[in-house]
Enquirer: 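Submitted below is the structure of interest, expressed as structure tokens.
No experiment lies behind these values; they were computed from the predicted model shown.
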Amino acid sequence: MSNELQRTEESSRRGQILRLLRAEPGLTRIEVARRTGLSATTITRVVAPLVADGSVTEKGKVSRLGTGRPGTEISIVPTSHYVVGVHIGAGSVRVGIVDLLGVSHWQSGFDFEPHQDADVVLDRVAVSVTQLIADTGVDRSRLLGMGVAVPGPVDSGHRRLLLTINLPWRDVPVADRLERMVGLPVVVDHNVRSMALAEAHFGAGKGLRSVAFIYLRMGLGAGLVVEGQAFQGGVHGAIEIGHLRVAEGGEKCICGGVGCLETVLSERSLRTALDDLELPSDVSNPFVALLSAAEADPAVAAHAEMMTKRFATGLSALVNLLNPELILLGGFLSAVPEEFVGRLTEATREAVFPIIRPTVQLARSDLGLDAGVYGGATVALDQFFYN
């Protein structure tokens, strides 16, 4: 066997073991061997360098089988290494330093004008990341790399942002530029897909076979994870739920289509609706503000009902095609009342194939408005540690 093939196989086994320990911390060597199908000798050979560099620790001996010698528990040491997670939104950037088990320890960010050139914003991202590293005092040798969640589809090599509807950016070499300025390896992915991955590995979707993530801010995006892997279907792998047509003869969408879901469910359309209904539009969460006002105003209630039905139409298309076990609501949606989640769930169930209806489950995400930071970090962890 060639040295290169040996290194590839060893790396594959290392990733297999680390992913198992991420999902089930504290397994013994024997349990790891049984779950992976690897020999005890292989486990020892792969784990030894991980223990040596501090990524993995061996704890006391335990026996869960009742017979034989007790096994030694092995677990990932979360703060042995870190990654940088970056979320570039349509007008804002959040940056965080995240450990091996998806916990964010430090964050910063800034806002920018959406018309600004991509190079100008990326320069500011580099400065923000460099400053955060300096302020926190994290040893650069413990930083594995950086993951950048961007608001649009990316190339197959996960290095370039190809297109974004809400920013005037096209074919932006995000990874190349940030690697030169920051000095860390960089991986780039679609923002909502990366958020779905964060929920699947570290959040409410952990342990499920499939989880979808819906994110509402400037636009409405979706991501899907199946068997621990981000769904990469189609030419660019993006699930553009916001651009499903949900109303014949509806309003013109920013994408050029007519009657898209984003014409009623995006930050822009929500603030416009609040203005039209003579309600304050300069609120932090326009979706929640509209729902709150609907409780006392019939005109607002009618708009909210229309919006909910069209949202359910879009979700039902997602469910009928992909049938995820759980749909998580993020961004502005993460703060909606539980009563609304129930109404939306029922409205979605009404529009899906009968045998699927009982399986439709919606819940609010716990990641909040920093979901993109966790998403970018999770992509980096998958690229530079778990794979």
Side-chain angles (χ1 to χ4, degrees), residues 86-94 111-116 118 121 148-154 161-170 172 174 188-196 198-199 212-224 230-231 234 236-247 250-274 281 283-290 307-308 310-315 317-318 327-336 344 365 367-373 375-376:
V86 177
H87 181 208
I88 301 176
S92 65
V93 169
R94 292 294 297 170
D111 294 330
F112 64 91
E113 292 298 327
H115 60 77
Q116 282 190 295
V121 176
V148 185
V150 295
V154 301
L161 168 62
L162 300 178
L163 169 71
T164 177
I165 296 296
N166 293 303
L167 296 172
W169 298 357
R170 302 291 183 273
V172 181
V174 176
V188 183
D189 208 344
H190 185 275
N191 58 355
V192 187
R193 184 166 60 212
S194 72
M195 296 173 198
E199 284 283 16
F213 191 92
I214 310 295
Y215 186 75
L216 172 62
R217 279 299 300 266
M218 182 65 76
L220 185 72
L224 179 71
F231 178 71
H236 300 306
I239 303 174
E240 296 294 350
I241 190 173
H243 299 287
L244 289 175
R245 179 173 292 185
V246 295
E251 295 182 25
K252 184 76 175 287
C253 181
I254 192 173
C255 75
V258 175
C260 294
L261 182 53
E262 278 196 14
T263 61
V264 296
L265 205 59
S266 64
E267 184 169 5
R268 183 184 297 107
S269 63
L270 288 166
R271 295 194 189 280
T272 298
L274 289 171
S281 61
V283 291
S284 59
N285 189 327
F287 191 86
V288 170
L290 196 146
M307 183 181 65
T308 302
R310 292 187 181 178
F311 192 12
T313 298
L315 289 177
L318 180 77
I327 300 174
L328 291 165
L329 306 175
F332 289 145
L333 299 170
S334 64
V336 299
L344 182 61
S365 168
L367 299 183
L369 296 181
D370 288 328
V373 171

Enquirer: Using the side chain to side chain contact (heavy atoms under 4.5 Å, CB included) criterion, which residues pair with Ala198? Sequence neighbours excluded.
Expert: Leu367, Tyr374, Thr378

Enquirer: Tell me the closest heavy-atom pair linking Ser194 and Gly376, and the distance in Å.
Expert: OG-N, 3.8 Å

Enquirer: Considering all heavy atoms of both residues, which atom of Phe213 and which atom of Gly330 are nearest to each other, and what is their separation?
Expert: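 Of all heavy-atom pairs spanning Phe213 and Gly330, the closest is CZ-CA, 3.7 Å.
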
Enquirer: Locate the shortest heavy-atom distance separating Leu167 from Gly89; write the atom from each residue and the value.
Expert: CD1-O, 3.8 Å

Enquirer: Ignoring hydrogens and angles, tell me if any N or O in the side chain of Ser334 forms a donor-acceptor pair with the backbone of Leu329 under 3.5 Å.
Expert: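 The answer is no, because no donor-acceptor pair under 3.5 Å joins these two groups.
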
Enquirer: Could you give the distance from CG (Leu161) to CZ (Arg170), rounded to the nearest 0.5 Å?
Expert: 9.0 Å

Enquirer: So, does Asn285 use its side chain to make a donor-acceptor pair with the main chain of Val288 at under 3.5 Å?
Expert: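 The answer is yes, because a donor-acceptor pair under 3.5 Å joins these two groups.
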
Enquirer: Just say parallel, tilted or perpendicular for the rings of Tyr215 and His87, cut-offs at 30° and 60°.
Expert: perpendicular

Enquirer: Distance check, rounded to the nearest 0.5 Å: Met195 atom CE versus Asp370 atom CG?
Expert: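 Output value for this atom pair is 10.0 Å.
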
Enquirer: Restricting to non-hydrogen atoms, name the atom on Ser284 and the atom on Phe332 that form the minimum distance, rounded to 0.1 Å.
Expert: O-CE2, 3.3 Å

Enquirer: Phe287: what forms a ring-ring contact (aromatic ring centres under 6.0 Å, His included) with it, not counting sequence neighbours?
Expert: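 In terms of ring-ring contact (aromatic ring centres under 6.0 Å, His included), with neighbours along the sequence ignored, Phe287 is linked to Phe340.
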
Enquirer: By side-chain hydrogen bond (donor to acceptor under 3.5 Å, both in side chains), which residues pair with Ser92, not counting sequence neighbours?
Expert: none

Enquirer: Mind running side-chain contact (heavy atoms from CB on, under 4.5 Å) on Leu274 and Val283 for me, showing each step along the way?
Expert: CA-CA 10 Å; Leu274 289 171; Val283 291; 4.1 Å; yes

Enquirer: Answer yes or no: is there a donor N or O on one side and an acceptor on the other, between the side chain of Thr263 and the main chain of Gly259, under 3.5 Å?
Expert: no

Enquirer: Any chance you could measure His243, atom NE2, to Glu262, atom CD, to the nearest 0.5 Å?
Expert: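 If we round to the nearest 0.5 Å, His243:NE2 and Glu262:CD are 3.5 Å apart.
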
Enquirer: side-chain contact (heavy atoms from CB on, under 4.5 Å), that's the test. Do Ile214 and Leu328 meet it? Break it down for me.
Expert: CA-CA 6 Å; Ile214 310 295; Leu328 291 165; over 6 Å; no

Enquirer: CG/Leu220 to CG/Leu333 distance, rounded to the nearest 0.5 angstrom?
Expert: 7.0 Å

Enquirer: Kindly indicate, with the supporting measurements, whether the criterion side-chain contact (heavy atoms from CB on, under 4.5 Å) is fulfilled by Val258 and Arg245.
Expert: CA-CA 7 Å; Val258 175; Arg245 179 173 292 185; 4.1 Å; yes

Enquirer: Does Arg217 have any salt bridge (Lys or Arg N to Asp or Glu O under 4.0 Å) partners at least two apart in sequence or in another chain, and if so, which?
Expert: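 Per chain and number, Arg217 pairs via salt bridge (Lys or Arg N to Asp or Glu O under 4.0 Å) with no residue.
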
Enquirer: Under a 3.5 Å distance rule, please check whether Trp169 uses its side chain to pair with a backbone N or O of Gln116 as donor and acceptor.
Expert: yes

Enquirer: Could you tell me which residues satisfy side-chain hydrogen bond (donor to acceptor under 3.5 Å, both in side chains) with Ser269, sequence neighbours excluded, listed by chain and number?
Expert: Ser266

Enquirer: Could you list the residues that satisfy salt bridge (Lys or Arg N to Asp or Glu O under 4.0 Å) with Arg310, not counting sequence neighbours?
Expert: none

Enquirer: Any idea which heavy atoms bring Asn166 and Ala90 closest together, and the distance?
Expert: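 Nearest heavy atoms, Asn166 then Ala90: CB-CB, 3.9 Å.
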
Enquirer: Find out whether Leu290 and Met307 are in side-chain contact, i.e. whether some heavy atom of one side chain is under 4.5 Å from a heavy atom of the other.
Expert: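 A side-chain contact exists here, since the closest heavy-atom pair is under 4.5 Å.
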
Enquirer: Which atom pair, heavy atoms only, marks the closest approach of Thr164 to Pro151?
Expert: OG1-O, 2.8 Å

Enquirer: Below 4.5 Å, heavy atoms only, C-beta onward: do Leu244 and Leu318 meet side chain to side chain?
Expert: no

Enquirer: Let me see the working for Val148 and Asp189 under side-chain contact (heavy atoms from CB on, under 4.5 Å), right down to the final yes or no.
Expert: CA-CA 6 Å; Val148 185; Asp189 208 344; over 6 Å; no

Enquirer: Going from SG on Cys260 to CD1 on Ile165, what distance comes out if it is rounded to the nearest 0.5 angstrom?
Expert: 9.5 Å

